[in-house]
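Down below is the structure, laid out as structure tokens.
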Amino acid sequence: MQAFLDRFLALPAGYSEGHYGGRRYGVSVSSSADGRRRKLYAEELGGKDHVSLNLYLLASGKPLLKPCEMPQARVIDFVMGFKPAP
């Protein structure tokens, strides 16, 4: 989980584009004012795939990952495999 968290927190805030699984995606990353909730929404450009998740950074220090209507493994795989465009 730490590798996922490090990778997710390294994604740039706002909109960016990149590649995952040989396909191009537009990715939006935002966070709450206090930085404790972060949201990712990714959409395949020119396709139908999407990935959506919320990550809560709890006071205990433990992250809570909440995928939106998809398996947790799917969002972890996306974040770990996503390559932002230069």
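The first residue in the sequence is number 1, and the count goes up from there.
Following chains of ILVMFWY side-chain contacts shorter than 4.5 Å, one can reach Tyr25 starting from Val29, so the two form part of one hydrophobic cluster. No continuous path of ILVMFWY side-chain contacts below 4.5 Å connects Phe8 to Leu58, so the two sit in separate hydrophobic clusters. When hydrophobic clusters are built by joining Ile, Leu, Val, Met, Phe, Trp and Tyr residues whose side-chain heavy atoms come closer than 4.5 Å, directly or via intermediates, Val79 is grouped together with Met1. Ile76 and Leu5 fall within the same hydrophobic cluster, where Ile, Leu, Val, Met, Phe, Trp and Tyr residues are linked whenever their side-chain heavy atoms come under 4.5 Å apart, directly or through other members.
Glu69 is linked by a side chain to side chain donor-acceptor pair (under 3.5 Å) to nothing, counting only residues two or more places apart in sequence or in another chain. Listed by chain and residue number, nothing satisfies the side chain to side chain donor-acceptor pair (under 3.5 Å) test with Arg7 (two or more places apart in sequence, or in another chain). Taking the side chain to side chain contact (heavy atoms under 4.5 Å, CB included) definition, one finds that Asp77 meets it with Tyr20, sequence neighbours left out. Partners of Pro84 under the side chain to side chain contact (heavy atoms under 4.5 Å, CB included) rule, at least two apart in sequence or in another chain, are Leu11, Phe82. Under the side chain to side chain donor-acceptor pair (under 3.5 Å) criterion, Ser32 pairs with Asp34, not counting sequence neighbours. Listed by chain and number, the residues in a salt bridge (Lys or Arg N to Asp or Glu O under 4.0 Å) with Arg24 are Glu17 (sequence neighbours excluded). In terms of the side chain to side chain contact (heavy atoms under 4.5 Å, CB included) criterion, residue partners of Ser31 (sequence neighbours excluded) are, by chain and number, Arg38. Glu43 is linked by a salt bridge (Lys or Arg N to Asp or Glu O under 4.0 Å) to nothing, counting only residues two or more places apart in sequence or in another chain.
Rounding to the nearest 0.5 Å gives a distance of 10.0 Å between CG of Leu55 and CG of Leu40. Separation of atoms NE2 (His50) and SG (Cys68) is listed at 8.0 Å; rounding is to 0.5 Å. We find the CZ-CE distance between Phe4 and Met80 to be 8.5 Å, quoted to the nearest 0.5 Å.
Other members of the hydrophobic cluster containing Tyr15, listed by chain and number, are Leu45; membership follows side-chain contacts under 4.5 Å among ILVMFWY residues, whether direct or relayed.
Closest approach of Ser16 and Pro12 over heavy atoms only: OG-CG, 4.0 Å. Contact record, Gly35 with Leu57: O-CD1, 3.6 Å, taken as the closest heavy-atom pair.
Residues in residues 53-66 take part in these side chain to side chain donor-acceptor pair (under 3.5 Å) pairs, two or more places apart or across chains: Arg37-Asn54.
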